[in-house]
Novice: 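Below you'll find the structure I mean.
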Amino acid sequence: MIVRDPQAIRGDWSTRPRDALPDGPARLAALVGAEAGEPMRHGKRLGWPFPPGGLLIHLGMSGAWVPGEEPPHARVGLRFGDAVWWFRDPRRFGALIPCPAARLADRLAAGLGPDALLAALPGPALAARFRTRAAIKVALMDQGRLAGLGNIHAAEALFRARIHPAIPANALSDDQWEALSRAIVDQLRDAIDAQQDGELVYLTEGGPNPFAVYGREGEPCPRCGTPIARIALGGRSTFYCPRCQPAP
DNA sequence: CCCTCTGTTGGATT
DNA sequence: CAATCCAACAGAGG
């Protein structure tokens with residue numbers, strides 16, 4: 001185990017290096033020699049047992065695990081046999097949280113709604129979790145309502161469902177909830193499939209933009225050709241097609 | 001070179 | 001409540 005940045009090791013789900021665990025490196029070192037168990041996921045969080053210890057992981061905005069030579073911005077390296085896997089995280093919002101194996105599952109799900117893929121909800125159940133006047137796009141990104149959608153996949157799911165991102169969540173029709181329920185699952189499944197035989201991880205890693213509307217302001221909608229629009233919702237850029245996703 | 005803007009997350013503040 | 005700011009850093013553009 002190699003710790004390049006002790007502040008990547010946190011005591012709780014925090015995006016801030018200042019919330020580093022004081023004895024973080026020692027707590028991580030306690031995992032050395034343990035046999036890895038089956039990793040678990042809930043929303044954007046990971047839990048990885050190394051009984052009797054374990055590790056909770058959040059990649060933040062820019063975190064990734066990469067094998068091989070030490071990359072720039074390496075925070076922690078874990079050795080598995082001959083291979084070293086590096087936690088690389090330029091923006092330092094990612095967190096590695098030591099946690100007893102017995103507590104992993106609880107802490108993994110604490111404060112989160114159901115996982116958008118593992119516990120996908122049919123339309124009516126989805127609607128029940130979104131009784132708010134907040135814009136549907138903002139509500140979709142609230143991990144306490146539904147866990148797993150961030151800025152990119154919330155926008156992409158709304159495009160698939162043909163729903164304008166600024167519509168108040170509690171104003172959607174039954175048909176729209178049904179469409180959104182399917183769109184969320186389809187979006188996440190397709191995104192995961194694309195990553196398994198490609199490397200479409202982040203927009204900034206070079207290569208073409210793999211998304212239908214995200215990051216495509218002014219470009220033609222892939223469905224109707226209308227220029228993609230961009231607005232800010234909840235302080236974040238949101239992309240949509242003004243024709244396929246009509247305003248409320 | 002310097003300054004400003006933007007960003008894949010999430011929490012606190014206003 | 002909804003909008004704004006902030007954390008921390010890099011890259012792009014003026």
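To find a chain, count down the sequence lines: A is the first, B the second, and so on, and within it residues start at 1. Because the structure is a prediction, the values reported are computed rather than measured. Both backbone and side-chain heavy atoms feed into the values below; hydrogens, waters and symmetry mates do not.
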Novice: Could you list by number each residue of residues 137-150 of chain A showing a heavy-atom separation from DNA chain B of less than 4.0 Å, or answer none if no residue does?
Specialist: Gln143(A), Gly150(A)
Novice: For every nucleotide of nucleotides 7-14 of chain C, 5' to 3': is a protein heavy atom under 4.0 Å from its base (B), only from its sugar-phosphate (S), or from neither (-)?
Specialist: BBBS----
Novice: Remember a base hit wins even if backbone is also touched, and classify Gly94(A) as base, sugar-phosphate or nothing at under 4.0 Å, heavy atoms.
Specialist: nothing
Novice: Considering only NZ, NE, NH1 and NH2 on the basic side and carboxylate oxygens on the acidic side, decide whether Arg103(A) and Asp106(A) come within less than 4.0 Å.
Specialist: yes
Novice: Grab the CG-C1' distance between Asp12(A) and dG10(B) for me, whole Å please.
Specialist: 13 Å
Novice: Are more than 12 heavy atoms from other residues, nucleotides or ligands located less than 6.0 Å from atom CZ of Arg223(A)?
Specialist: yes
Novice: Please give, in whole Å, the distance from dG7(B) P to Arg216(A) CZ?
Specialist: 16 Å
Novice: Can you give the dot-bracket line for DNA chain B, using ( ) for pairs inside the strand, [ ] for pairs that cross earlier ones, | for pairs with another strand and . for unpaired bases, where Watson-Crick and G-U count if both distances are under 3.5 Å?
Specialist: .||||||.||||||
Novice: Taking atom C1' in both dG10(B) and dG11(C), compute the distance separating them and give it to the nearest angstrom.
Specialist: 22 Å
Novice: List, by chain and number, the other hydrophobic cluster members for Leu104(A), where Ile, Leu, Val, Met, Phe, Trp and Tyr join if side-chain heavy atoms come within less than 4.5 Å, directly or indirectly.
Specialist: Trp13(A), Met40(A), Leu56(A), Ile97(A), Leu108(A)
Novice: Can you see which heavy atom on Pro242(A) is nearest to which on Ala229(A), and at what distance?
Specialist: CG-CB, 3.8 Å
Novice: Once ring pair (Phe, Tyr, Trp, His ring centres under 6.0 Å) is applied, do any residues pair with Phe159(A), and if so which ones, sequence neighbours excluded?
Specialist: none
Novice: By the ring-ring contact (aromatic ring centres under 6.0 Å, His included) test, which pairs, at least two apart or in different chains, include something from residues 229-248 of chain A?
Specialist: His164(A)-Tyr240(A), Tyr214(A)-Phe239(A)
